[in-house]
Amino acid sequence: QVHLVESGGGVVQAGGSLRLSCAASGRTSAFYAMGWFRQAPGKEREFVTAISWSGGSIFYAEFVKGRFTISGDNAKNTVYLQMNSLKSEDTAIYYCAAKEHEWRKSTRAEEEYDYWGQGTQVTVSS
């Protein structure tokens with residue numbers, strides 16, 4: 001009965017910023033890793049970023065490097081996504097994901113993650 005809930009989405013002008021949050025409920029132990037994916041209308045869900053506290057690593061998709069920053073609190077199973085210099089192509093539903101165990105193959109694969117939130121809409125106007 002693990003649940004992830006995202007918040008912080010909204011409408012912002014190009015060049016602006018938003019900060020997304022994801023909080024977990026239904027468990028007391030820490031996740032191995034948490035991350036963010038996004039899905040634009042008519043497109044496949046894509047990896048954005050992830051943080052692995054146990055593995056000691058942070059991963060970013062190339063299209064967000066230098067603009068987005070992931071952070072979180074392992075003990076609280078909470079993760080954040082600070083998004084700066086937003087572009088119209090960043091418009092999407094952003095999903096929080098969590099993983100129980102170490103990486104099997106790729107940090108970018110949806111299949112690696114065990115739990116998903118309902119998503120929060122981010123709209124960037126130009």
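The analysis underlying the following values was restricted to heavy atoms, covering all of them including side chains, and did not include hydrogens, waters or symmetry mates.
- Contacts of Ser125 classified as side chain to side chain contact (heavy atoms under 4.5 Å, CB included), with partners at least two apart in sequence or in another chain: Gln13.
- Under the rule for a side chain to side chain contact (heavy atoms under 4.5 Å, CB included), the partners of Val2 that lie at least two apart in sequence or sit in another chain are Arg27, Phe31, Tyr115.
- Applying the side chain to side chain contact (heavy atoms under 4.5 Å, CB included) rule to Lys76 yields the partners Asp73, Thr78; only residues at least two apart in sequence or on another chain are considered.
- Residue pairs that meet the disulfide bond (SG atoms under 2.5 Å apart) test with at least one member in residues 24-68, sequence neighbours left out, do not exist here.
- Aromatic ring centres of Trp116 and Phe37 lie closer together than 6.0 Å.
- At distances below 3.5 Å, at least one donor-acceptor pair connects side-chain atoms of Glu6 with backbone N or O atoms of Gln118.
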(request) Could you please spell out the steps behind the side chain to side chain contact (heavy atoms under 4.5 Å, CB included) verdict for Trp103 and Tyr32? (result) CA-CA 9 Å; Trp103 307 112; Tyr32 179 86; 3.9 Å; yes
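- Among pairs with a residue in residues 71-97, none fulfils ring-ring contact (aromatic ring centres under 6.0 Å, His included), at least two apart in sequence or across chains.
- Thr123 has its side chain out of reach of Val12: every pair of non-hydrogen atoms, C-beta onward, lies at least 4.5 Å apart.
- Residues Ser7 and Leu20 are not in side-chain contact: their nearest non-hydrogen atoms beyond the backbone lie 4.5 Å or more apart.
- Residues Ile58 and Ile70 have side chains in contact (heavy-atom distance under 4.5 Å, counting atoms from C-beta outward).
- Under a 3.5 Å cut-off, the side chain of Asp114 and the backbone N or O of Glu100 do form a donor-acceptor pair.
- Within the structure, every pair that satisfies the side chain to side chain donor-acceptor pair (under 3.5 Å) test and touches residues 104-113, not counting sequence neighbours, is listed here: Lys99-Glu112.
- The hydrophobic cluster containing Met83 also contains Phe63, counting ILVMFWY residues as joined when their side-chain heavy atoms lie under 4.5 angstrom apart, directly or transitively.
- Applying the salt bridge (charged side-chain N to carboxylate O under 4.0 Å, His left out) criterion to Lys65, with sequence neighbours excluded, gives Glu62.
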Just list the side-chain donor-acceptor pairs under 3.5 Å for residues 45-52, sequence neighbours left out, or say none.
| unit_1 | atom_1 | unit_2 | atom_2 | d |
| --- | --- | --- | --- | --- |
| Glu46 | OE2 | Arg38 | NE | 2.8 |
| Glu46 | OE2 | Arg38 | NH2 | 3.3 |
| Thr49 | OG1 | Phe59 | O | 2.7 |
| Ser52 | OG | Gly55 | N | 3.1 |

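- From Thr69, atom OG1 reaches atom CG of Asn84 across 6.5 Å, with rounding to the nearest 0.5 Å.
- When all heavy atoms are compared, the tightest approach of Asn74 to Ala30 is OD1-CB, 3.4 Å.
- Shown here are the ring-ring contact (aromatic ring centres under 6.0 Å, His included) partners of Phe68, two or more places apart in sequence or in another chain: there are none.
- One distance of note links CG of Asn77 with SG of Cys96; it measures 9.5 Å at 0.5 Å rounding.
- Here the straight-line distance linking atom CG of Leu81 with atom SG of Cys22 works out to 10.5 Å at 0.5 Å rounding.
- Considering every non-hydrogen atom in both Leu86 and Leu18, the closest pair reads CD1-N, 3.9 Å.
- The side chain to side chain contact (heavy atoms under 4.5 Å, CB included) test applied to Arg67 returns Val64, Ser85, Lys87, Asp90, not counting sequence neighbours.
- Considering every non-hydrogen atom in both Ala24 and Leu4, the closest pair reads CB-CD2, 3.5 Å.
- The shortest distance between side-chain heavy atoms of Gln82 and Ser71 does not fall below 4.5 Å.
- Sorted by first then second residue, the disulfide bond (SG atoms under 2.5 Å apart) pairs that include residues 34-94, not counting sequence neighbours, number zero.
- Looking only at side-chain heavy atoms (C-beta outward), Thr120 and Ile93 stay at 4.5 Å or farther from each other.
- By the salt bridge (charged side-chain N to carboxylate O under 4.0 Å, His left out) test, Glu102 pairs with no residue at all, sequence neighbours left out.
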